[in-house]
Amino acid sequence: MFKFLTGLLADPHPKPLTADDADLALAALLVRLARADDRYDEDERFHIDQVLCARSGLSQAEAAELRARAEALEAEAPDTVRFTRALKDKIAYDDRIGVIEALWQVALADDARNPEEDALIRLAARLLGVSDRDSGLARQRVAAGLC
C-alpha cells in the first residue's frame, strides 16, 4: 500500500483510492497539518490518533500504526495537492467537510490558532472543493465541541 501511495503522490493523474488508502491519505494530511508549525509533539500525535479512531473505527493501536505509516508517507510527499486530490476523488462532499473538521480538531487541539495551520486548512478546503462557508462552519462546530 505504501508503494502504491508513493506512486500516487508522484503521479499527476492519480487513480481513485481504496478506503484503506483514503484513510492513509487523510492521516498523512493530518500529520502534515500538525507539522505545519514546526512543532510536532506527543499531544498532536494523540489527537491525530483520536481523530483516526473516530473517523475510521480503528482501535488505538491501529490508529497509532496508521499514523506512523502516514508520518513516513508525509515526509516523502512533495506537496499537499496530491493528498487532497486523492481524497476529493474518493469521497463525497459531506465526507470532505468531515476531513476539514478532522483538520480543525488537530489544529485546535492546543486551544490556539496558528497561521501556518490556518493557511494549510484553507488550502486543503479549496483543494477538496469545500466552500469557505462550509469550512468556517466546520471550524465553529469543532471549536464548540460538536464534533
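The first residue in the sequence is number 1, and the count goes up from there.
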Compare all side-chain heavy atoms of [X] with those of [Y] and state whether any distance is below 4.5 angstrom.
X      : Y      : answer
Leu52  : Asp23  : no
Gln105 : Gln50  : no
Arg113 : Leu108 : yes
Glu116 : Leu120 : no
Trp104 : Val51  : no
Leu127 : Lys88  : no
Arg67  : Glu74  : no
Arg122 : Ser135 : no

(request) Answer yes or no: is there a donor N or O on one side and an acceptor on the other, between the side chain of Arg35 and the main chain of Leu30, under 3.5 Å? (result)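 A pair under 3.5 Å: no.
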(request) State whether the side chain of Glu76 and the backbone N or O of Leu73 hold a donor-acceptor pair below 3.5 Å, judged by distance alone. (result)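 It does not hold such a pair.
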(message) Any carboxylate oxygen within less than 4.0 angstrom of a Lys/Arg side-chain nitrogen, looking at Glu71 and Arg45?
(response)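 Counted as a salt bridge, because a side-chain N and a carboxylate O are separated by less than 4.0 Å.
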Establish whether [X] and [Y] are linked, either directly or via other cluster members, by ILVMFWY side-chain heavy-atom contacts under 4.5 Å.
X      : Y     : answer
Leu123 : Leu29 : yes
Leu87  : Val81 : yes
Leu26  : Leu58 : yes

(message) Taking CZ in Phe46 as the centre, count heavy atoms belonging to other residues, nucleotides or ligands within less than 6.0 Å. Is the count above 12?
(response)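 No, CZ of Phe46 has 12 or fewer neighbouring heavy atoms, counting only those of other groups under 6.0 Å.
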(message) Which heavy atom of Asp43 sits nearest to which heavy atom of Ala109, and what is that distance?
(response)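 Looking at all heavy atoms of both residues, the shortest contact is OD2-O, 4.4 Å.
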(message) To check you understand the geometry: which heavy-atom pair defines the closest contact between Cys53 and Ser59, and what is its length?
(response)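 Looks like SG-O, 3.6 Å.
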(request) To the nearest 0.5 angstrom, please state how far the CG atom of Asp37 sits from the CD atom of Glu44. (result)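 Reported to 0.5 Å precision, the distance equals 5.5 Å.
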Show me the donor-acceptor pairs within less than 3.5 Å that the side chains of residues 93-103 make with the rest of the protein, sequence neighbours left out.
from: Tyr93; atom 1: OH; to: Ser131; atom 2: N; distance (Å): 3.1
from: Tyr93; atom 1: OH; to: Asp134; atom 2: OD2; distance (Å): 2.6
from: Arg96; atom 1: NE; to: Ile91; atom 2: O; distance (Å): 3.3
from: Arg96; atom 1: NH1; to: Leu128; atom 2: O; distance (Å): 2.6
from: Glu101; atom 1: OE2; to: Arg141; atom 2: NE; distance (Å): 2.7
from: Glu101; atom 1: OE2; to: Arg141; atom 2: NH2; distance (Å): 2.7

